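Note that this is a predicted model, so its numbers are computed, not measured.
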Amino acid sequence: MKMTEANSSGKSEITMDDVKNLVKKKDEIEEQIKAYYDVLEDGLRVGDEVIEFGSVNTENFQNLQNIASVVQHSEGKPLRVTVIRDGQKAQMSLTPKRWSGRGLLGCNIVPIHR
């Protein structure tokens, strides 16, 4: 938005581009919130240590491409996920699905280096 000298009452002049940009940002933010909500609703939380993700587990895990492959082949289908949370095992179902952001999960998974 830009202020104009002609309008000294404190109101701003809003262009159509301003409105389009705001709507685009609003839609992107809503999609991101929905994706994060879906992940949280499915049970995955920040800090969880994933020990089983579909067919990938601690015994056969080589790199993140293993998980990416499982996710890509499981779009719209629930995956069994087992995590260590607060020292306890927790099992849940996670369903990969499309959203406006990258990937199908709405979150990032990073390997733990030990």
Side-chain angles (χ1 to χ4, degrees):
M1 288 186 271
K2 62 182 174 183
M3 297 297 290
T4 62
E5 288 182 36
N7 190 344
S8 61
S9 65
K11 293 183 182 178
S12 59
E13 181 181 315
I14 300 173
T15 68
M16 203 54 177
D17 285 339
D18 292 332
V19 173
K20 288 177 185 176
N21 286 335
L22 287 172
V23 168
K24 182 180 176 187
K25 286 181 182 176
K26 174 191 165 286
D27 291 344
E28 290 171 358
I29 290 168
E30 285 177 350
E31 281 294 318
Q32 191 170 12
I33 289 169
K34 183 183 179 322
Y36 286 136
Y37 179 81
D38 289 346
V39 169
L40 292 173
E41 187 179 60
D42 284 338
L44 199 57
R45 296 185 189 160
V46 172
D48 284 348
E49 287 187 36
V50 178
I51 58 172
E52 179 184 28
F53 196 97
S55 60
V56 178
N57 57 48
T58 56
E59 301 297 319
N60 63 12
F61 175 81
Q62 296 170 344
N63 56 47
L64 288 177
Q65 185 57 41
N66 301 133
I67 291 177
S69 179
V70 169
V71 169
Q72 290 168 353
H73 290 95
S74 302
E75 184 177 348
K77 302 173 200 158
L79 286 170
R80 179 182 166 155
V81 177
T82 305
V83 301
I84 301 293
R85 178 183 298 154
D86 300 325
Q88 303 289 323
K89 271 189 182 181
Q91 292 186 344
M92 62 206 64
S93 177
L94 184 68
T95 304
K97 50 187 150 187
R98 295 229 175 260
W99 65 295
S100 67
R102 291 180 43 200
L104 298 172
L105 295 178
C107 68
N108 291 326
I109 296 176
V110 295
I112 296 174
H113 300 284
R114 296 184 187 205

Between Val70 and Ile67, does a side chain to side chain contact (heavy atoms under 4.5 Å, CB included) hold up when you go through it step by step? CA-CA 5 Å; Val70 169; Ile67 291 177; 5.6 Å; no
Can you check side chain to side chain contact (heavy atoms under 4.5 Å, CB included) on Met16 and Lys20, steps first, answer last? CA-CA 6 Å; Met16 203 54 177; Lys20 288 177 185 176; 4.1 Å; yes
Could you go step by step and tell me if Lys89 and Ile84 meet the side chain to side chain contact (heavy atoms under 4.5 Å, CB included) rule? CA-CA 5 Å; Lys89 271 189 182 181; Ile84 301 293; 3.6 Å; yes
Could you walk me through whether Phe53 and Leu94 pass the side chain to side chain contact (heavy atoms under 4.5 Å, CB included) check? CA-CA 9 Å; Phe53 196 97; Leu94 184 68; 3.9 Å; yes
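Both Val71 and Met92 sit in one connected hydrophobic cluster of ILVMFWY residues. Membership requires side-chain heavy atoms under 4.5 Å apart, directly or through other members.
Closest heavy-atom contact between Phe61 and Val56: CD1-CG1, 3.9 Å. When all heavy atoms of Ser93 and Pro78 are compared, the pair lying nearest together is OG-CB, 3.1 Å.
Between Arg85 atom CZ and Gln91 atom CD the span is 12.0 Å, to the nearest 0.5 Å. Going from atom OG1 of Thr82 over to atom CD of Glu49 covers 13.0 Å, rounded to the nearest 0.5 Å. For the atom pair His73 NE2 and Leu79 CG, the distance stands at 12.0 Å (nearest 0.5 Å). With rounding to the nearest 0.5 angstrom, the CG atom of Asp17 is 11.5 Å from the NZ atom of Lys24.
Judged by distance alone, the side chain of Asp86 and the main-chain N or O of Gln88 form no donor-acceptor pair under 3.5 Å. Within the 3.5 Å criterion, the main-chain N or O of Ile14 finds no donor-acceptor partner in the side chain of Asp18.
Other residues, nucleotides and ligands contribute over 12 non-hydrogen atoms within 6.0 Å of the CG atom of Asn60.
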